Amino acid sequence: MLDIKQIRENPSFVEERLQSRGSYDLQPLLTLDQQQRELEAKRSHLQARSNEIGKLVGQKIKAGSDPQSTEIQSLRQEGNDLKNEIGELEPQEREIKSQLADLLLTLPNLPSESTPLGNSEEDNVEVRRWGDEYIPQNSDILPHWEIGEHLGILNFERSVKVAQSRFVTLIGSGAALERALIQFMLDRQIAAGYTEVLPPILINTQSLTASGQLPKFAEESFKCAADDLWLSPTAEVPITNLYREEILAAEDLPINHCAYTPCFRREAGSYGRDTRGLIRLHQFNKVELYKLVHPDTSEHEHQKLVANAEAILQELQLPYRVIELCTGDLGFSATKTYDLEVWLPSANKYREISSCSNCRDFQARRGGIRFKESGKKGTQFVHTLNGSGLAVGRTMAAILENYQQPDKTVRVPEALQPYLRQEVLT
RNA sequence: GGAGAGGUGGCUGAGUGGUCGAAAGCGGCGGAUUGCUAAUCCGUUAAGGAUGUCAACAUCCUUCGAGGGUUCAAAUCCCUCCCUCUCCGCCA
């Protein structure tokens, strides 16, 4: 959520930054804000007098005045009149406030000053590459779903019976490989200073609103109809909300968490895309990195988080590149985002495997996550950062392709061998 | 699902109609003191919003789970809802 004060005081700046992501008109919001403050001034003035009367009556009665005296009676009358007046203003004010809040919740975050301008993913900027991608000759590399099915470790067809399309069942070494990847990623990130959490993955509406998935993107998440609960689309949601409405001590920052969780996405509107394989499923596993930091350090912590995610790809020896998203391609809550894209030889393409964002105070403001510096007055909002470290299914896809051998076996990356106790998948 | 208890400031926890934004303790901050490694004493310390020639500040409003009601006046009384805890039942 953006700061209404910032919008009020600097509307042209905010609008200009928002225009870089799409089309936004702040005027309705400014009008409502103006009305709201006028109403509030009026109401609180009446309220002050009403409070005064309340005290006065109490004092007089305590001092021995007759409650039935005309003096007291007329004060009571005035109190009643004020109550009626206030009673008329209150609903108006409440209505405007809720309209204001609704509008504010639909505005995305402002892109950072350093985010490249652009309209779509075409305008994203490549920052760096790592590793040597293998350019396939004569389509000799099988796509990961084919090699996976050949090895008997992935099954899509039967998963349709159990659930729907876009689900997978991992079998034998496939299941073991998934677990090995999760354990490997967690071990590395814990060593890098992140504290593991294993949060609930059924999430209430308030939590999804705080992290920015709601109200705008309701159709992206699965909802449990009988309850106010949704299936978590990413661990970013529960982790953010672990600290909702809290005032943290500045000394406790930064808070670094990693989490393995299953993630659930409806993938509405992507019906034709990535229909095969592990790339776009309704349910997938992810190890998430998450930081709550002091605003002064968020830029630096963002770079560290990206490096922590990259370290996994490097240790797995998977070629990748780092892309900085342009303003038009930025997610709703993000102010600056780096995507890590892993090389998928069968597709002859890089595919997103991690997305690392700095949300600054956007989520913190929605969720009321503040911190206090001891000795200083007041509180500030923390900055929140998140990134995948990594998407596990896509990592498996990358391994099945990049480590594929001509005899249709797949080598196990060295870093995983201690976890799998297997050198080759056959 | 049945029965009961409860939701108060950073934390613990008092407070059943008026000067209560709220005792006390802990913690934090500032200071004093003491040679015994930390203790003692004093002071101070909620958040959000509006307004003011808003930086330090001042004034006002809101907030004791949420919403409504009674009253001149509600943390306190009434109603509805939500949540937490304990016991029983069921169950991984």
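So you know, we letter chains A, B, ... as the sequences are listed, proteins then strands, and number each from 1. No hydrogens, no waters, no symmetry mates; every other heavy atom, side chains included, goes into these values. What you see is a predicted model, and the numbers here were worked out from it, not measured in a lab.
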Point to revise | Test of ring centre spacing under 6.0 Å for A:F362 and A:F332 | key: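 Under 6.0 Å, so yes.
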**Study point:** Ring-ring centroid check A:F371 A:H294, cutoff 6.0 Å
**Key:** yes
Any [X] side-chain N or O less than 4.0 Å from OP1/OP2 of [N]:
X	N	value
A:Q47	B:U62	yes
A:T379	B:G48	yes
A:K372	B:A47	yes
A:R94	B:G68	yes
A:R365	B:G48	no
A:N51	B:U62	yes

Check your understanding: Going through the distances and angles, do A:H257 and A:Y290 end up as a ring pair (Phe, Tyr, Trp, His ring centres under 6.0 Å)?
Key -> CA-CA 5 Å; A:H257 283 311; A:Y290 197 93; 7.7 Å; no
Check your understanding: In whole angstroms, how far is the P atom of B:U51 from the CD atom of A:Q34?
Key -> 9 Å
Review point. Rounded to the nearest Å, what distance is computed from the CZ atom of residue A:F371 to the C1' atom of nucleotide B:G28?
Key: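 In whole Å, B:G28 C1' and A:F371 CZ are 16 Å from each other.
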When you get a sec, tell me which of [options] is the closest nucleotide to the side chain of [X]?
X	options	answer
A:E40	B:U71, B:U19, B:G49	B:G49
A:R37	B:A50, B:G68, B:C72	B:A50
A:K62	B:C72, B:G48, B:U19	B:U19
A:A41	B:U71, B:A47, B:A50	B:A50
A:V57	B:U19, B:C61, B:C72	B:C72

Practice item. Identify the heavy atoms of A:L248 and A:L253 that sit nearest to each other, and give their distance. Key: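 The answer is CD1-CD2, 4.2 Å.
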Check your understanding: So what's B:A14 paired with, Watson-Crick or G-U wobble, going by both distances under 3.5 Å?
Key -> none
Check your understanding: RNA chain B: A:I53 or A:R49, which has the more 5' nearest nucleotide?
Key -> A:R49
Exercise for review: Using the closest heavy atom to pick a nucleotide of RNA chain B for each, name whichever of A:K97 or A:G54 lands nearer the 5' end.
Suggested key: A:G54
Check your understanding: Would you say the side-chain atoms of A:R8 pair up with the backbone N or O of A:L30, donor to acceptor, closer than 3.5 Å?
Key -> no
